[in-house]
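One structure is given below, encoded as structure tokens.
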Amino acid sequence: MTLARDIVRDFNSKLSVGDASGSLGLMAPDIEWTTMWHYKVVGRGPDKVAEGLFKPLIAEWASFALVPTELITEGETVVSLGDFTGVHSVTGKTSNARYAHVWTVRDGKIATSRQYIDSLAIDQARREGGL
């Protein structure tokens, strides 16, 4: 039996090497993805996550990485704490933002994901000129 934290680790590993389809394959067909950022996933399912989050994220950031520094697991729930680093495509500014992701894994698939991030750090990289 694969543990919930191993599935979340696998998801992050696949995403870190640009394997979006592999990451999407770890999701339940009816995954519910909640963002706390300006991206919006409308509806359920991996295709909705790809359209509402992955594609806009890749388009906006010239490069980015999500690096988990701590995983806290309780049954089906995994909390991933980590760092987002990215270079914005338009401004060229670098962002370093702390994040927390809360995952629910059921039957070996990611069933829900809730994202929380330091939106001020992200917004500063998105703005041209000063703060």
Side-chain angles (χ1 to χ4, degrees):
M1 181 173 140
T2 304
L3 298 175
R5 77 168 180 273
D6 295 333
I7 292 168
V8 171
R9 272 194 192 126
D10 194 22
F11 176 88
N12 283 319
S13 293
K14 288 181 184 314
L15 202 55
S16 73
V17 297
D19 184 5
S21 63
S23 294
L24 293 169
L26 293 170
M27 297 177 190
D30 63 343
I31 186 170
E32 180 179 13
W33 196 289
T34 305
T35 63
M36 297 293 143
W37 208 351
H38 62 279
Y39 305 120
K40 298 293 178 218
V41 176
V42 179
R44 290 176 172 245
D47 58 330
K48 301 295 185 181
V49 175
E51 286 298 317
L53 179 63
F54 285 11
K55 287 180 182 178
L57 185 66
I58 291 167
E60 182 173 2
W61 297 90
S63 64
F64 68 90
L66 293 158
V67 180
T69 56
E70 188 174 356
L71 293 174
I72 305 160
T73 306
E74 179 67 34
E76 296 180 325
T77 303
V78 179
V79 176
S80 173
L81 304 175
D83 299 297
F84 168 92
T85 57
V87 176
H88 197 268
S89 294
V90 174
T91 68
K93 293 181 182 178
T94 299
S95 179
N96 294 297
R98 299 285 295 155
Y99 73 77
H101 294 166
V102 181
W103 311 85
T104 305
V105 177
R106 289 192 191 103
D107 301 322
K109 296 286 187 177
I110 300 168
T112 67
S113 178
R114 291 173 282 165
Q115 296 179 290
Y116 305 90
I117 195 161
D118 178 356
S119 55
L120 178 59
I122 299 297
D123 194 52
Q124 288 173 339
R126 296 175 79 215
R127 292 180 186 259
E128 304 247 11
L131 296 177

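In this structure, His88 and Trp61 have perpendicular ring planes: the angle between them is above 60°, well past the 30° mark.
One hydrophobic cluster, built from ILVMFWY side chains closer than 4.5 Å, cannot hold both Phe84 and Val79; they sit in different ones. Linking ILVMFWY residues whenever their side-chain heavy atoms come closer than 4.5 Å, directly or via other members, places Leu53 and Ile110 in the same cluster. Phe64 and Phe54 end up in the same hydrophobic cluster when Ile, Leu, Val, Met, Phe, Trp and Tyr side chains are linked at under 4.5 Å. In the hydrophobic clustering of this structure, Ile122 groups with Ile58; members are Ile, Leu, Val, Met, Phe, Trp, Tyr whose side-chain heavy atoms approach within less than 4.5 Å, directly or through other members.
Remark: of the listed residues Asp10, Leu66, Leu26, Leu66 is the sole one forming a side chain to side chain contact (heavy atoms under 4.5 Å, CB included) with Leu15.
Using a 4.5 Å cut-off on side-chain heavy atoms (C-beta onward), Thr85 and Val67 make no contact. Taking the side chain as every heavy atom from C-beta outward, Thr77 and Val102 approach each other to under 4.5 Å. Under the 4.5 Å side-chain criterion, counting only non-hydrogen atoms from C-beta, Met36 is in contact with Thr34. Using a 4.5 Å heavy-atom cutoff, the side chains of Ser113 and Phe11 are not in contact.
Side-chain atoms of Thr91 come within 3.5 Å of backbone N or O of Ala125 as a donor-acceptor pair. Of the possible polar contacts, one joining the Ser95 side chain to the Ala121 backbone as a donor-acceptor pair under 3.5 Å is found. In this structure a side-chain-to-backbone donor-acceptor pair under 3.5 Å is present from Thr69 to Leu81.
Atom CG of Leu24 is separated from atom CE of Met27 by 4.5 Å, given to the nearest 0.5 angstrom. Atom-to-atom distance recorded for Ile31:CD1 and Lys48:NZ is 14.0 Å, nearest 0.5 angstrom. Put simply, CH2 on Trp103 and CD1 on Ile7 are 11.5 Å apart, with the number rounded to the nearest 0.5 Å. Interatomic distance, Arg5 CZ to Thr73 OG1, rounded to the nearest 0.5 Å: 5.5 Å. Between Arg126 atom CZ and Ser89 atom OG the span is 11.5 Å, to the nearest 0.5 Å. To the nearest 0.5 Å, the span separating OG1 on Thr35 from NE2 on His101 amounts to 10.0 Å.
The neighbour count for Lys109 NZ, taken as heavy atoms of other residues, nucleotides or ligands under 6.0 Å away, is above 12. Atom CZ of Arg98 has more than 12 heavy atoms from other residues, nucleotides or ligands within 6.0 Å.
Heavy-atom minimum distance, Pro68 versus Asn12: CG-ND2, 3.7 Å. Between His38 and Glu60, the shortest heavy-atom distance links the atoms NE2-OE1, 2.8 Å. Smallest separation of non-hydrogen atoms from Ala50 and Pro56: O-CD, 4.1 Å.
Looking only at atom types and distance, the side chain of Gln115 has no donor-acceptor partner in the side chain of Tyr39 under 3.5 Å away.
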